[in-house]
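What you see is a predicted model, and the numbers here were worked out from it, not measured in a lab.
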Amino acid sequence: MANEAVKVAEAELTQKKDEDYILSVDDLEKAASKKMSKLTREYYNSGATYQQTYFANPRAFEKYLLRPRVLSNVAACDPSTVIFGRRIPFPLCVSPTALHGMAHPDGEKATARGCAAANVNMGISTYSSFVWEEIIPHAKGKIDFFAQMYIYPDKTVTKNMVLKAEKLGFKAILLTADAPILGTRWNETRNQMAAHITKQNPFPNITDAVSNSLTNLEDMATLFQDASQSWERDIPYLRSITKMKIFVKGVLTAEDTLKAIECGVDGIVVSNHGGRQLDGVPATIDALPECVEAAKGRIPIFIDGGFRRGSDIFKAIALGADCVFVGRPALWGLAYNGAAGVEMMLRMLHDEFKKTMQLMGCNSVKEISRKHLAVLNSRGFMERLETAKL
Ligand SMILES: Cc1cc2nc3c(=O)[nH]c(=O)nc-3n(C[C@H](O)[C@H](O)[C@H](O)COP(=O)(O)O)c2cc1C
Ligand SMILES: CCCCCCC(=O)C(=O)O
């Protein structure tokens, strides 16, 4: 009888294959990628030109080792933190990414529902598949939204977008600064992405300006992104027309961190656009320390790029970030199972982050610091990050 029970249990086990388990963001990426069309998969899962930065982002976390403290009574560990005056479950928000309609028919509306279910704030792209006013009601009052914008060549567009965002209750502008022109992604040309976009996936927020005659995204972007954007001209202008917080997204250096402070922005997002703009720039986790050092606590610092594990989030907080954002993981959740897939991804990262905190001996986000990290020096010996000569 016992043998029979074992046989039944084994038969049930073999019905479920290893790939049916989604236990990590990496599992989710694989499962979601199978569900996407070639066009969508290659648009989402790629970077600029040789993709050096795209691959560097997730890999760079490995060189930061964790230094745990034991016997620290972590039974009451609390991974929550406060962003813009609102307590959020853990230091994570969703980055703005274009065209969620390619992953799921409900696009950003489903992403917003997934974020609301997990109580996670969401950035929405200028290039969203639905107009902002259609997306917000799906989570209104439950989470904060951030409006991703560019400096548009036509300044009345900039002004209208800002005023619209303010009216819709967006908490902050994420001004994308690393895209005065669009980066080159070769498979977008191979897949004739621009033709697909104008026909099947228009940009409803800016649709009037879209020209069907254009054949590549880089040309299309010149309609919406102004190569003459500058700190001196555009930040004071934005400041003069809005009370929303202004975060500059795409900062990678101490110099630009200082410039951001000088121009009076409310914060920066250390970002390389997920490796989609300038190939060859550092992984964001490697650029973070010089930005943190330059800021000296004067402005909040957010970061995105390659975050796939709870321990990645822990490392960024330890290096001085206030909050981490994820882009592609939300797209994978959406493609895998709509709003429920987005929620699943966010809960997975929440649980991994909390477990990392507990196994590190931390009870609150405020306790996490550089003393929790180490690196291997050039001779292969471990050094505490606090004292390491890098
Ligand atoms: C498919 C895709 C579309 C994106 N669209 C935008 C966009 O419209 N505006 C923007 O500022 N950043 C955009 N980004 C960059 C993200 O905001 C974010 O910086 C990046 O995805 C973070 O890296 P991760 O995907 O590894 O988490 C996009 C990224 C991806 C993957
Ligand atoms: C014509 C513009 C194409 C959308 C660009 C969105 C974006 O930033 C990306 O990384 O892709």
Side-chain angles (χ1 to χ4, degrees), residues 80-150 157-176 201-207 238 241-247 249 266-267 269 300 302 304 322-327 329-347 349-350:
S80 73
T81 189
V82 175
I83 298 292
F84 300 157
R86 215 172 67 83
R87 189 156 285 281
I88 54 173
F90 70 127
L92 189 97
C93 299
V94 167
S95 296
T97 50
L99 293 169
H100 290 205
M102 293 174 78
H104 189 276
D106 276 358
E108 291 81 3
K109 295 187 287 184
T111 312
R113 289 197 292 272
C115 286
N119 202 8
V120 166
N121 297 331
M122 174 182 170
I124 311 184
S125 169
T126 285
Y127 297 122
S128 52
S129 300
F130 292 88
V131 279
W132 290 346
E133 19 314 36
E134 279 186 275
I135 301 165
I136 304 273
H138 288 264
K140 197 164 180 118
K142 295 184 181 151
I143 57 173
D144 287 332
F145 286 103
F146 313 129
Q148 180 273 320
M149 289 187 203
Y150 303 95
V157 177
T158 312
K159 187 168 183 185
N160 290 341
M161 295 288 280
V162 171
L163 297 183
K164 177 165 111 161
E166 195 154 82
K167 204 164 151 210
L168 287 168
F170 279 93
K171 212 53 184 199
I173 294 176
L174 301 180
L175 178 69
T176 297
N201 298 288
F203 298 123
N205 286 301
I206 41 179
T207 201
L238 285 180
I241 59 168
T242 183
K243 290 196 164 43
M244 283 183 292
K245 293 190 184 298
I246 302 169
F247 275 64
K249 174 174 181 284
D266 297 286
V269 186
F302 300 161
D304 70 16
D322 294 279
C323 194
V324 166
F325 283 57
V326 286
L331 296 171
W332 297 328
L334 186 63
Y336 181 68
N337 194 19
V342 174
E343 183 187 352
M344 179 180 81
M345 178 280 292
L346 294 169
R347 291 199 187 283
L349 284 179
H350 171 273

ask   = Where do K159 and I241 come nearest, in terms of heavy atoms and distance?
value = CA-CD1, 4.1 Å

query = Can you name the closest pair of heavy atoms from P91 and D322 and give their distance?
reply = CB-O, 3.9 Å

remark   = Output for pair (T158 OG1, L238 CG), nearest 0.5 Å, gives 7.5 Å

ask   = Hey, what do you get for CD1 (I88) to CG (N119), rounding to the nearest 0.5 Å?
value = 8.5 Å

task = Would you check if N121 and F84 make a side-chain contact, meaning some heavy-atom pair closer than 4.5 Å?
result = no

Counterpart residues, side chain to side chain contact (heavy atoms under 4.5 Å, CB included), relative to M161 (two or more places apart) = T126, W132, M149, Y152, V157, N205

message = Looking at every non-hydrogen atom in both residues, tell me the closest pair between S95 and F325 and how far apart they are.
response = OG-CB, 3.1 Å

request  = Give the ring-plane orientation class for Y127 versus Y150, where under 30° counts as parallel, over 60° as perpendicular and anything between as tilted.
outcome  = tilted

request  = Mind running side chain to side chain contact (heavy atoms under 4.5 Å, CB included) on V324 and F90 for me, showing each step along the way?
outcome  = CA-CA 9 Å; V324 166; F90 70 127; over 6 Å; no

key: Least distance between heavy atoms, A165 atom then M244 atom   = CB-CE, 3.8 Å

task = Take L168 and F145 through the test side chain to side chain contact (heavy atoms under 4.5 Å, CB included) and record every step on the way to the result.
result = CA-CA 9 Å; L168 287 168; F145 286 103; over 6 Å; no

task = Return the set of residues passing ring-ring contact (aromatic ring centres under 6.0 Å, His included) with H138 (not counting sequence neighbours), or none when no residue passes.
result = none

message = So, using side-chain hydrogen bond (donor to acceptor under 3.5 Å, both in side chains) as the criterion, who are the partners of D144 when residues are at least two apart?
response = R86

task = Grab the two heavy atoms, one from L92 and one from C323, that are nearest each other, plus how far apart they are.
result = N-SG, 3.7 Å

ask   = Under the side chain to side chain contact (heavy atoms under 4.5 Å, CB included) test, which residues partner A117, sequence neighbours left out?
value = E343

ask   = How about F247 and F146: are their ring centres within less than 6.0 Å of each other?
value = no

query = If we only count heavy atoms from C-beta on, is the P204 to E134 side-chain gap below 4.5 Å?
reply = no

From CG (L174) to CD1 (I246), nearest 0.5 Å = 11.0 Å

query = Got a second to check how far M345's CE is from T111's OG1, nearest 0.5 Å?
reply = 9.0 Å

query = For the side chain of E166 and the backbone of K243, is there at least one donor-acceptor N/O pair under 3.5 Å apart?
reply = yes

Atom pair CZ (F203) and OG (S125), whose distance is rounded to the nearest 0.5 Å = 7.5 Å

In residues 102-110, what donor-acceptor pairs under 3.5 Å come from side-chain atoms, sequence neighbours left out?
residue: H104; atom: ND1; partner: D106; partner atom: N; Å: 3.0
residue: D106; atom: OD2; partner: R113; partner atom: NH2; Å: 2.8
residue: E108; atom: OE1; partner: S129; partner atom: N; Å: 3.1
residue: E108; atom: OE2; partner: H100; partner atom: N; Å: 3.0
residue: E108; atom: OE2; partner: S129; partner atom: N; Å: 3.0

query = Out of curiosity, I135 CD1 to C115 SG, how far, rounded to the nearest 0.5 Å?
reply = 11.0 Å

ask   = Closest approach of G327 and T97, non-hydrogen atoms and distance?
value = CA-CG2, 3.9 Å

ask   = side-chain hydrogen bond (donor to acceptor under 3.5 Å, both in side chains) with E133: which residues, sequence neighbours excluded?
value = K164

